[in-house]
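See structure below.
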Protein chains: 4
Amino acid sequence: MQAGFRLVAEVGFEGLRLRQVAEDVGIDHSTLHHHFATKQDLVAAIAAYTVSQFWFTAQEDGDPVVRLRSHFDALARLLREHPDLFTVTVELDLRARRDPTVRAAMVEHEAGWRQVLVRTLAEGLAGGTLNREIDPVATAELIIATVKGARLVPGRADVIFDQLFALILGCPLSDDRPPNEETSEKRTS
Amino acid sequence: MQAGFRLVAEVGFEGLRLRQVAEDVGIDHSTLHHHFATKQDLVAAIAAYTVSQFWFTAQEDGDPVVRLRSHFDALARLLREHPDLFTVTVELDLRARRDPTVRAAMVEHEAGWRQVLVRTLAEGLAGGTLNREIDPVATAELIIATVKGARLVPGRADVIFDQLFALILGCPLSDDRPPNEETSEKRTS
Amino acid sequence: MQAGFRLVAEVGFEGLRLRQVAEDVGIDHSTLHHHFATKQDLVAAIAAYTVSQFWFTAQEDGDPVVRLRSHFDALARLLREHPDLFTVTVELDLRARRDPTVRAAMVEHEAGWRQVLVRTLAEGLAGGTLNREIDPVATAELIIATVKGARLVPGRADVIFDQLFALILGCPLSDDRPPNEETSEKRTS
Amino acid sequence: MQAGFRLVAEVGFEGLRLRQVAEDVGIDHSTLHHHFATKQDLVAAIAAYTVSQFWFTAQEDGDPVVRLRSHFDALARLLREHPDLFTVTVELDLRARRDPTVRAAMVEHEAGWRQVLVRTLAEGLAGGTLNREIDPVATAELIIATVKGARLVPGRADVIFDQLFALILGCPLSDDRPPNEETSEKRTS
DNA sequence: CATGAATGAGAGTTCATTCAT
DNA sequence: AATGAATGAACTCTCATTCAT
């Protein structure tokens, strides 16, 4: 399963070959069929394995702004340190279009993610620490879409996340009102 | 080429079969090889054809805010009316990872898009009609990433675009401008 | 492999078709690929099989003249009884020009043959039973070339070999030895 | 036709492609079909062209030994200066097995060659300047076979021809009888 | 659990040949 | 005389899958 994951990261689902997976593991390709009756099954397992790797380090308590910031940071770090994870996710998003099993896994995973985002945004909105015009649901979708798009350009993910975060934060730092001190500076890390 | 495009939209590059393309056109598959020596060549042609379909209806003059709004609207309409175009673009983005020819086409296309966005954002910033803290380059990347991510959920593209536009527009809470003026009426979803 | 050999004898390497080989054996052509990954591999196997069929019945002891004569006889008999072997050898010689694997097999095989010939000729020369002016190396090459040429006209091989043998044997006119003694009785054609 | 000849010399009949021939000539491959209706026709033309290149510089008069020697020399020189000619001849000999047209051309060409050889040998025999035990017909076949075999090892053709010539010349240079002065020395050129 | 031989559908590609222009 | 589009048969090779062991 992990070998399959690695292979997908390397050559995509289009280039995924059962024989190669088996060889990487060090077993006969027939033995692979013993564990995964069909290629589809392996793909589903890879999908499940991949989404299981995402454990949103989303604290439930604390300042929503901080939680949102750390969420972006966690994503940025993950993207930096485990680019494979995002590479495979892109592949999975594409495959989900035509593979219901994969689609189900992705939808479920995304639902959890969306829920976390919506709750955090709603709290921030209620607390007045976020741009008041933000619609939590719409912005959650916006964040999800942005992250998905940013996967394709890992090198620019940081700047993209920073800009989005800045926009979400709220009223942009007008000179006559003090901005949120600890977050207004452009994060570059 | 168009048949290839349609087929990619339907079954993806992974399912693209030359024989099927030829059959859709009504010619022998050998004849297809007469025009596109290799499958790669056909894929490149499909890529070129696809990006050529994007004619950013980006006026050079006028209020940058209006131009940006109409840009989003144009994308939303295109996404609604020609979802195939975006489906194939997703496929192309994936394929670009491993196919230098496709990558070149995508990079070039994206560069033009980015340029238009940066210019419009910079003008809006200079004119004071946009959120003053926006970085044109970063926001251009943000928009591109968002659009790319939104392709995967065409049904939610409208709300995503609207939310992003609202954030870019600026602080709706500024004291000297009535809130919700130019953003509330634009909601189309 | 043997089916491949037979097919080459029949239609040449130019006409060698994997599907035909597989069919002759009674297996699917995919199964053939299971055993010989590539056509080249099968060709190499055919080459190895073919040269392995040549077991020069070259005794190491005894009168060099007798050994040489029996060598020619063995070749003539082989050519009569297994013309396929020579047909394929001709094909292999041609293919060796462009296929390094085949070339290596042929060179090795030929080296063994040459060695046997040179040794026999040298012994005969030393023993005084052969034409004194013969150069063992040159004559070995001459024999090899003649045999290779004779493969193309199997029907005339006997007379060619006999004539060559007679010339190698020595001067039938020498005063101290009765002419036609050991050569006239050997004519078999 | 000449382009075909060159191509056969390079890649053999097995690798001969009409499109390549046409391209080498600088015409469309359809135009080639205008001149040679079928590939077979082109092959036949190549065969005819090839054998036409062999003009045995066989004088009809003079000492048979000298004529034979010069025949060998001419062959050796041709082999040195125009190896393509022999390369293609090898290909033709192989192809003649399965292509009646080519076979006819080769047989006719060979018949002329054989006739020259037989006549020269017979004259030499009659004149007493050759090994008396030589059978003109058998030796002609021997020479032809040897030349055919020597084509496969152009580098060793000289030494092979020299050795064969020495053997044909006659009684080998016994010490007590003067050999043919001008021919007994080992030719090395 | 594991293997390797076997399968069959089908992939991209090649190439001599034909035909309308 | 020459072209280029079109053809179709056939090629080697791939790969997920099955089955007997």
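Just so we're on the same page: letters track the sequence lines, and every chain starts at 1. The figures that follow rest on heavy atoms only: side chains count, while hydrogens, waters and symmetry mates do not.
- Residue C/His33 places its side chain closer to F/dT14 than to any other of E/dT14, F/dA1, F/dT14.
- Protein atom CG of B/Leu7 is 11 Å distant from nucleotide atom P of E/dG12, rounded to whole Å.
- In this entry the distance linking NE2 of A/His35 with C1' of E/dT3 reads 12 Å, nearest Å.
- Scanning atom types as modelled, one donor and one acceptor separated by under 3.5 angstrom connect the side chain of C/His29 and the base of F/dC13.
- Spacing between atom CG of D/Leu42 and atom P of E/dT17 amounts to 10 Å, rounded to whole angstrom units.
- You'll find the side chain of A/Arg95 reaches within 4.5 Å of the side chain of B/Glu14, heavy atoms only.
- As the counterpart of E/dA20, F/dT3 is assigned, both hydrogen-bonding distances of the Watson-Crick or G-U wobble pattern falling under 3.5 Å.
- Atom C1' of nucleotide E/dC19 and atom CG of D/Asp28 are separated by 13 Å, given to the nearest angstrom.
- The nearest whole Å value for the distance from the CG atom in C/Leu32 to the P atom in F/dC13 is 10 Å.
- Spacing between F/dT21 and E/dC1 at atom P, rounded to whole Å, works out to 23 Å.
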One pair to check against side chain to side chain contact (heavy atoms under 4.5 Å, CB included): D/Glu10 and C/Arg98. What are the steps and the verdict? CA-CA 10 Å; D/Glu10 196 179 337; C/Arg98 287 177 260 274; 5.9 Å; no
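- Just one of D/His35, D/His29, D/His33 meets the side-chain contact (heavy atoms from CB on, under 4.5 Å) condition when paired with D/Thr31; it is D/His35.
- Between B/Val8 and the choices B/Val88, B/Asp84, B/Leu92, the side-chain contact (heavy atoms from CB on, under 4.5 Å) rule is met once, by B/Val88.
- Under the 30°/60° scheme for interplanar angles, the aromatic rings of C/Phe86 and C/Phe54 are found to stand perpendicular.
- When each of F/dC13, F/dA9, E/dT17 is scored by its nearest atom to the side-chain atoms of D/Lys39, the top-ranked nucleotide is E/dT17.
- Remark: E/dT13 base-pairs with F/dA10; criterion is Watson-Crick or G-U wobble with both hydrogen-bond distances under 3.5 Å.
- Within residues 8-27 of chain C, the residues that have a heavy atom under 4.0 Å from DNA chain E are, in order of number, C/Arg19, C/Ile27.
- Salt-bridge check for C/Lys148 with C/Glu110: passed, with a basic side-chain N closer than 4.0 Å to an acidic carboxylate O.
- Remark: C1' of E/dT17 and CG of D/Asp41 are 12 Å apart, rounded to the nearest angstrom.
- Residue-to-nucleotide contacts include a donor-acceptor pair under 3.5 Å from the side chain of B/Ser30 to the base of F/dA9.
- Contact annotation: A/Thr31 does not reach the phosphate of E/dC1 (side-chain N/O to OP1 or OP2, under 4.0 Å).
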Take A/Arg6 and A/Asp24, measure what side chain to side chain contact (heavy atoms under 4.5 Å, CB included) needs, and give me the verdict at the end. CA-CA 10 Å; A/Arg6 275 192 299 271; A/Asp24 287 4; 5.6 Å; no
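- Mapping C/His34 and B/Thr38 onto DNA chain E via the closest heavy atom, the residue that lands nearer the 5' end is C/His34.
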